[in-house]
Asker: 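One structure, pasted below without further comment.
Here, residue 1 is the first one in the sequence, and each next residue gets the next number. Order of appearance sets the numbers: ligands from 1, and atoms from 1 within every ligand.
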Amino acid sequence: MEKPTSLIIIFGATGDLAKRKLFPSLFHLYRKGKIGNKFAVIGVARRPWSQEQFQQHVQDSVLTSLGQAEDIESFVQHFYYQSIDVTDSSSYVQLNELANKLDVQYDLNGNRIFYLAMAPEFFGTITEHLKADGLTATNGFKRLVIEKPFGHDLESAKQLNNQIREVFSEDEIYRIDHYLGKEMVQNIEVIRFANALFEPLWNNRFISNIQITSSEVLGVEERGRYYDKSGALRDMVQNHMLQMVALLAMEPPIRLTTDEIRSEKVKVLRALRPIKGEDVHRYFVRGQYGPGAIRNEMVPGYRQEANVDPESNTETFVAGKLMIDNFRWAGVPFYIRTGKRMSAKSTKIVIQFKDIPMNLYYKMDQPLSPNLLVIHIQPEEGITLHLNAKKAGQNMETTPVKLDFANNSIDGMNTPEAYEKLLYDCMRGDATNFTHWDEVALSWSFVDEISKVWESTREEKFPNYAAGTMGPKAADELLAKDGFHWWPVSDFEVQSK
Ligand code: NAP
């Protein structure tokens with residue numbers, strides 16, 4: 001396969017994202033031979049580093065992340081640095097000169113990727129200058145990679161979108177939702193559409209409910225300033241959680257093309273029942289962590305974290321019940337929950353099948369367990385199918401058994417980082433695993449109604465869950481009202497070699 005050629009300009013190249021994700025991912029692609037020698041990277045940030053300092057920084061980032069250095073010297077030779085304040089109009093001319101020079105030097109055909117690894121308030125200014133100062137006037141392709149958050153609500157997202165659409169067309173915009181680069185999120189589609197076993201059952205006749213949990217053990221760390229204005233709903237639900245719902249619920253696309261898949265996902269988001277006004281209290285639960293113990297060590301509550309308002313009304317936990325009003329899903333609740341400072345770091349999807357019509361093996365003290373399909377997104381990657389089988393012995397008693405598949409149990413399988421896949425997709429022009437504007441807009445309209453209610457009513461019970469637990473009691477009651485319970489994430493460890 002032809003190797004992609006491109007100049008990648010990373011705005012915010014001295015920052016955390018570039019260090020932890022972008023440089024190691026590019027190095028992986030380089031080592032695997034997926035990108036050849038026809039690529040160059042310009043790092044942009046304010047601090048007055050020399051090119052050598054920047055190359056050393058790239059090298060250190062790769063070593064810290066991967067612990068190996070083969071080919072690292074030749075890799076870092078592709079990296080250049082421009083010390084620029086992106087708000088200073090005059091600096092883009094210089095940047096363009098370097099871009100033109102590297103274009104010729106590396107034979108890049110004018111292909112340019114602009115990666116905005118910076119705070120969103122700069123996105124508009126940068127894209128404006130890219131056009132005004134000629135950086136986008138290139139003979140090759142021009143693509144914009146943009147990090148979350150994409151706006152703060154629908155209105156601000158629209159404004160941002162209008163700004164960047166002045167310079168880039170929709171198909172040149174790659175909005176990152178790094179969950180879409182995760183191996184097991186991409187696997188949802190394959191599990192569903194490549195197995196005769198599941199697709200016929202994937203509807204309201206056979207599925208009783210679907211649960212998606214994305215829990216973190218960490219608190220807000222150094223992100224307090226951003227997070228206190230955002231909260232879990234905007235930070236996790238608007239993007240990652242709703243994207244997973246869309247992948248689980250969409251109709252089979254007629255082809256595996258970007259447009260066909262997106263169009264099916266958009267239909268799901270359009271079918272999401274809007275939750276407004278009083279209903280927000282019935283369908284959604286918000287939580288905020290107080291002090292508690294994590295691995296036997298006391299940690300502070302959210303309001304005691306750095307850069308957080310000591311009376312903050314921001315949620316660090318959300319649980320919700322989503323209904324998709326279409327033929328396939330009418331009546332099936334999709335429960336989502338996500339939060340910080342929970343007892344386990346885990347992203348899992350549990351598909352609970354309906355009980356069989358009659359239980360021949362029923363005993364008062366031993367009801368049959370429902371069949372479950374568990375998709376392990378992270379940190380373990382795999383699937384588990386929970387079935388009932390005969391307990392060995394004389395009696396016809398049942399016992400639950402698990403069929404496990406763990407990605408890392410396949411010899412030599414080393415699943416690539418999400419960013420590695422997404423960067424490669426972008427270089428090849430495949431936008432399937434990036435979010436389209438229609439998805440962003442629909443997700444914001446859904447989430448905005450909930451934020452509106454939460455922001456107008458102070459939650460007097462905050463903090464309402466202790467750090468190190470799985471969230472407030474109300475999140476359990478949300479399912480109990482429907483006769484269900486959260487499947488504990490700790491029960492679902494996949495057996496790996
Ligand atoms: P960060 O560590 O704060 O880095 C910000 C970068 O922007 C630095 O390189 C900084 O360098 C540069 N910068 C700031 N103001 C500038 C200016 N006026 N002109 C030029 N450069 C400027 O942020 P980050 O964590 O890497 O995050 C970047 C973006 O990715 C954000 O939108 C964030 O929400 C998103 N994101 C990050 C992560 C993550 O894991 N870190 C995950 C998901 C999304 P100087 O100080 O040298 O100028």
Side-chain angles (χ1 to χ4, degrees), residues 8-26 41-51 53-54 56-58 60-61 64-65 79-92 94-95 98 114-130 133 135 144-152 156-157 160 164 173-182 214 216 218-232 234-236 238-241 243 306-307 338 340 345 347 378 417-420 422-423 426 434-435 440:
I8 306 172
I9 305 183
I10 301 179
F11 291 87
T14 57
D16 176 67
L17 181 75
K19 180 169 88 181
R20 286 192 308 112
K21 303 290 181 189
L22 305 186
F23 303 144
S25 297
L26 281 170
V41 178
I42 305 178
V44 172
R46 285 167 309 183
R47 62 200 77 171
W49 281 359
S50 66
Q51 180 146 313
Q53 271 176 305
F54 181 56
Q56 188 60 49
H57 173 73
V58 174
D60 294 345
S61 314
T64 310
S65 165
F79 286 73
Y80 298 79
Y81 185 72
Q82 281 275 296
S83 167
I84 280 178
D85 186 326
V86 295
T87 56
D88 169 11
S89 319
S90 61
S91 50
Y92 290 81
Q94 219 181 327
L95 182 61
L98 178 60
F114 305 95
Y115 198 120
L116 307 192
M118 285 187 59
E121 61 258 34
F122 295 113
F123 294 170
T125 315
I126 297 174
T127 50
E128 231 169 70
H129 280 297
L130 291 180
D133 294 308
L135 278 123
L144 179 74
V145 185
I146 196 157
E147 274 293 340
K148 81 166 189 183
F150 197 88
H152 182 73
S156 56
L160 171 59
I164 60 179
I173 302 170
Y174 290 68
R175 296 180 195 81
I176 293 249
D177 182 326
H178 71 277
Y179 270 54
L180 296 181
K182 289 188 185 293
S214 188
E216 286 178 63
L218 290 178
V220 283
E221 310 298 297
E222 67 291 337
R223 289 173 76 218
R225 199 179 311 271
Y226 155 75
Y227 196 87
D228 207 34
K229 291 199 200 86
S230 158
R234 291 191 172 97
D235 192 47
M236 289 295 294
Q238 184 272 337
N239 35 52
H240 314 313
M241 303 302 275
Q243 282 293 323
N307 299 320
T338 179
K340 293 198 174 291
K345 175 179 167 58
T347 302
Q378 65 181 16
E417 257 270 11
Y419 274 95
E420 181 183 334
L422 295 175
L423 274 166
C426 176
F434 296 81
T435 33
V440 175

Asker: Side chains of His240 and Lys148: donor-acceptor distance under 3.5 Å anywhere?
Answerer: yes
Asker: Are side-chain heavy atoms of Met236 and Ser214 found at a separation under 4.5 Å?
Answerer: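 In short, these two side chains touch, coming nearer than 4.5 Å.
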Asker: Can you confirm whether Phe434 sits close enough to Cys426 that some side-chain heavy atom of one is under 4.5 Å from a side-chain heavy atom of the other?
Answerer: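 Phe434 vs Cys426: side chains touch.
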Asker: Among protein heavy atoms, which sits nearest to atom 18 (N) of ligand 1, and what does the distance come to when rounded to 0.1 Å?
Answerer: Asp85 OD1, 3.0 Å
Asker: Is there side-chain contact between Asn239 and Tyr179, with at least one heavy-atom pair below 4.5 Å?
Answerer: no
Asker: Ignoring angles and geometry beyond distance, decide whether His178 reaches within less than 3.5 Å of ligand 1 through its nitrogen or oxygen atoms.
Answerer: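 Checking ligand 1 against His178, no N or O pair falls under 3.5 Å apart.
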Asker: Please state which protein non-hydrogen atom is closest to atom 47 (O) of ligand 1 and give its distance, to 0.1 Å?
Answerer: Arg47 NE, 2.6 Å
Asker: Could you say whether the N/O atoms of Met118 and ligand 1 ever approach to under 3.5 Å?
Answerer: yes
Asker: Show me which atoms of ligand 1 lie under 4.0 Å from any heavy atom of Pro149.
Answerer: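 Here the atoms of ligand 1 in question are 34 (O).
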Asker: Heavy-atom distances under 4.0 Å decide this one: backbone, side chain, both or neither, for Arg46 against ligand 1?
Answerer: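 It is both backbone and side chain that touch ligand 1.
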Asker: For the 3.5 Å polar cut-off, considering only N or O atoms, please tell me whether Gly12 and ligand 1 meet it.
Answerer: yes
Asker: Would Leu17 count as a polar contact of ligand 1, with the cut-off being nitrogen or oxygen pairs under 3.5 Å?
Answerer: yes
Asker: Which residue supplies the protein heavy atom nearest to atom 36 (N) of ligand 1, what is that atom called, and how far is it?
Answerer: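 Of the protein heavy atoms, Glu147 OE1, 3.8 Å lies nearest.
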Asker: Do the non-hydrogen side-chain atoms of Asp133 and Leu95 ever get within less than 4.5 Å of each other?
Answerer: no
Asker: Closest non-hydrogen protein atom to atom 33 (C) of ligand 1, residue and atom name please, with distance?
Answerer: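 Result for atom 33 (C) of ligand 1: Lys148 O, 3.8 Å.
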Asker: Measure the shortest side-chain to side-chain distance between Tyr174 and Leu422 over non-hydrogen atoms and say whether it is less than 4.5 angstrom.
Answerer: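 The answer is no; the side chains never approach within 4.5 Å.
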Asker: Taking NZ, NE, NH1 and NH2 as the nitrogens, is one of them in Asp60 or Lys19 under 4.0 Å from a carboxylate oxygen of the other?
Answerer: no
Asker: What is the distance from atom OG1 of Thr87 to atom CD of Glu121, rounded to the nearest 0.5 Å?
Answerer: 11.0 Å
Asker: Looking at Arg20, which atoms of ligand 1 are within less than 4.0 Å of one of its heavy atoms?
Answerer: 39 (C), 40 (O), 41 (N)
Asker: With rounding to the nearest 0.5 angstrom, report the CZ to CG distance, Arg175 to Leu144.
Answerer: 9.0 Å
Asker: CZ of Arg223 to CG of Leu218: how many Å apart, nearest 0.5 Å?
Answerer: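 Result: 10.5 Å between the selected atoms.
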Asker: For ligand 1, which atoms, with element, lie under 4.0 Å from some heavy atom of Phe122?
Answerer: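 In order of number, 15 (N), 18 (N).
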Asker: Looking at atom 28 (C) of ligand 1, what's its closest protein heavy atom, distance included?
Answerer: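 Checked against all protein heavy atoms, atom 28 (C) of ligand 1 sits closest to Ala117 O, 3.2 Å.
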Asker: Tell me, which pairs form a salt bridge (charged side-chain N to carboxylate O under 4.0 Å, His left out) where one or both residues lie in residues 79-90, sequence neighbours left out?
Answerer: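 Sorted pair list comes back empty.
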Asker: Does the protein put a heavy atom under 4.0 Å from atom 3 (O) of ligand 1?
Answerer: no
Asker: What are the atoms of ligand 1, with element, lying closer than 4.0 Å to any heavy atom of Ile84?
Answerer: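 Near Ile84, meaning under 4.0 Å from one of its heavy atoms, ligand 1 has 19 (N), 20 (C).
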Asker: I'd like to check which ligand 1 atoms, numbered from 1 as shown, lie under 4.0 Å from a non-hydrogen atom of Thr14.
Answerer: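 Listed by number with element, the hits are 8 (C), 9 (O), 10 (C), 11 (O), 45 (P), 47 (O).
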Asker: Any nitrogen or oxygen of Ala18, side chain or backbone, less than 3.5 Å from one on ligand 1?
Answerer: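 N/O-N/O distance under 3.5 Å: no.
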Asker: Among all protein heavy atoms in this structure, tell me which lies nearest to atom 19 (N) of ligand 1, with the distance rounded to 0.1 Å.
Answerer: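 Here the nearest protein heavy atom works out to Val86 N, 3.0 Å.
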Asker: How about Glu147 and Tyr115: do any of their side-chain heavy atoms sit closer than 4.5 Å?
Answerer: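 The answer is yes, as the side chains (C-beta and beyond) meet within the 4.5 Å cut-off.
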Asker: Which heavy atom of the protein is the closest neighbour of atom 23 (O) of ligand 1, given with residue, atom name and distance?
Answerer: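 It is Asp16 N, 4.4 Å.
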Asker: Checking contacts here: is it the side chain or the backbone of Lys21 that comes within 4.0 Å of ligand 1, counting heavy atoms only? Could be both or neither.
Answerer: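 Looking at Lys21 and ligand 1, no heavy atom falls under 4.0 Å.
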Asker: Decide whether an N or O pair under 3.5 Å exists between Tyr419 and ligand 1.
Answerer: no
Asker: With a 4.5 Å limit on heavy-atom distance, are the side chains of Gln378 and Lys345 in contact?
Answerer: yes
Asker: Which is it for Val44 and ligand 1 at heavy atoms under 4.0 Å: side chain, backbone, both or neither?
Answerer: neither
Asker: Give the atom numbers and elements of ligand 1 that come within less than 4.0 Å of a heavy atom of Ala13.
Answerer: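 With Ala13 as reference, the close atoms of ligand 1 come out as 9 (O).
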Asker: State, with a plain yes or no, whether a side-chain heavy atom of Tyr92 is found less than 4.5 Å away from one of Val86.
Answerer: yes
